[in-house]
Amino acid sequence: MTKGVPANPTLPETGLRPVGILVLGLVLIFAWADRMLITVAIEAIRHDFLLSDLEMGLLLGPAFAVFYAAFALPIARWADIGHRPRIITLALSMWSVMTLLSGIAWNFVQLFIARVGVGIGEAGAHPPVHSLVADYCPPDKRGRAATVLNFCVVVGAFIGLSLGGFLVAQLGWRWAFVSFGIAGILAAGLALWTLEEPRRSTRVPAVRELFDTEGRAAIRTLFGKRSFVAMLVSMSIYSIVDLGASSFTVPFLIRSHGLDESSAGTIYGSAVLAGSVAGTIVAGFLVDKLARRHVKWLLLLPAICFVINAPIRIVAFQTNDTLLFAASYFLIVAMMCINNPATYAATYGIAGLGRIATATAVVGLATNVIGLGLGPVFVGFLSDLLEPRFGVESLRQALTGSAAITLIAGLCLMRGARYVATDFEGPRPDVASDQAALRAQ
């Protein structure tokens, strides 16, 4: 048992506790708005700093992902025994200040360092947020809560792309970063004032406790579960395509479709928002409903989405029709919004109480190091490599070539689905629904 944390936190009587869920969603909105802002500003930054696509990839990926990964597990360990609203407030404050400082960077190195700070701050976003959600919600409603949070992620991406693109076009990329940073600092105050900690006791761990025996045991337990390992491998593989492609989608629209930053950000962001609404509506009733039939559907459903995803991505990046691109990307995002709530709901159950923040951090670490750390660099390197042959269309070919990887991710999840029922800890939604049916008889 984790020291200082009760085995069963006092859950709120109000079920989903809507205000808390919405504020946690707001935190993720700011996390992803700040994360996506640089993708819509990167072309303007490239012209100011005279960067290559590879250097752009370094700013979009490793500057954020490497340090996100370095701090993710220690912060998650803290979240498993500490006061999560305070951790969230501290993290949001840090990445907002570093976003603001990004706007006053005057060279590549200064901007790289600022992005490092954003990565360290955002390492404290997802683990405590998802840990709180799991405590706020009963097992049969966690899929719905994860759907709400996933919708907020996409809303944040839309804000970063559309509003960010507008600010970049109207005020310049520097003022866009400053504006987003100030707004995030204000949101941190709201989070501290609003969020509640359901645990009866919390504490700040000593530095040595961040990697103590219990922490290592939690990680060993997670990696001993075949469903968790399959999910981790699958999400890491898919993130190379998803995060690598999304980092360069606005530059692709600018170069291959002849759009400016504002138009590219609005079209891309609108496709993301519309797809998120559609996917969230579907996920809202589908994820929990399928989980009540059998928990293996928490991995089978996203596996199907991954397999369908590959040909749609090829169409999106090969077409010269901007409307067809938007329609294709709408479908890509809609499936992502079905996939993410299912995998997070699976993570809550597979990890078990006391390990949810750590499990979320491990998934986030893998997807950010592999996906965000390698994805943009891979796409940027491939684009530079293909430029002598394809010229301005080299980025299009680099984005298209990465799409087939999603098929491998789908196969990994299909294999992991075999072991979900065995690995699940705590009340299972399918068993709970069977017991409720028996009581009704």
Could you pull out the closest heavy-atom pair between [X] and [Y], with the gap in Å?
X    : Y    : result
T406 : A310 : OG1-CB, 3.1 Å
A283 : C337 : CB-O, 3.4 Å
F30  : A187 : CE1-CB, 3.4 Å
S234 : F306 : OG-CE1, 3.3 Å
C412 : I237 : SG-CD1, 4.3 Å
A342 : V287 : CA-CG1, 3.9 Å

In the structure I gave you, are the side-chain heavy atoms of [X] and [Y] within less than 4.5 Å of one another anywhere?
X    : Y    : value
M235 : N339 : yes
R35  : V153 : no
I88  : L24  : yes
N309 : V241 : no
R115 : F112 : no
I159 : V155 : yes
E122 : F64  : yes
V250 : I42  : no

Take Y329 and T249 through the side chain to side chain contact (heavy atoms under 4.5 Å, CB included) test and state the conclusion after the steps. CA-CA 10 Å; Y329 222 89; T249 299; 3.8 Å; yes

For the pair [X] (side chain) and [Y] (backbone), establish whether a donor and an acceptor sit closer than 3.5 Å, ignoring hydrogens and angles.
X    : Y    : result
Q110 : W106 : yes
D34  : G181 : no
S383 : V379 : no
S239 : D242 : no
E43  : P251 : no
S162 : F158 : yes
S131 : P127 : no
R174 : A105 : yes

For atom CZ of F166, decide whether the heavy atoms of other residues, nucleotides or ligands shown that lie under 6.0 angstrom number more than 12. no

To the nearest 0.5 Å, tell me how far [X] [atom1] sits from [Y] [atom2].
X    : Y    : atom1 : atom2 : value
Y268 : T39  : OH    : OG1   : 6.5 Å
I350 : T422 : CD1   : OG1   : 10.5 Å
I312 : F330 : CD1   : CZ    : 10.5 Å
I120 : I75  : CD1   : CD1   : 8.5 Å
I45  : F108 : CD1   : CZ    : 10.5 Å
I332 : S328 : CD1   : OG    : 6.5 Å

Going by atom types alone, do S227 and D423 pair a side-chain donor with an acceptor below 3.5 Å? yes

One pair to check against side chain to side chain contact (heavy atoms under 4.5 Å, CB included): T343 and L298. What are the steps and the verdict? CA-CA 6 Å; T343 52; L298 293 175; over 6 Å; no

Checking side chain to side chain contact (heavy atoms under 4.5 Å, CB included) for the pair L167/F177: CA distance, chi angles, key distance, verdict? CA-CA 9 Å; L167 292 176; F177 279 99; over 6 Å; no

Please report the C-alpha distance between R46 and L59 in whole Å, then the side-chain angles of each, then the deciding distance to 0.1 Å, and finally whether the side chain to side chain contact (heavy atoms under 4.5 Å, CB included) criterion is met. CA-CA 10 Å; R46 180 172 74 95; L59 278 177; over 6 Å; no

Check whether W297 forms a cation-pi arrangement with R292 (NZ or CZ under 6.0 Å from the six-membered ring centre, at most 45° off the ring normal). no

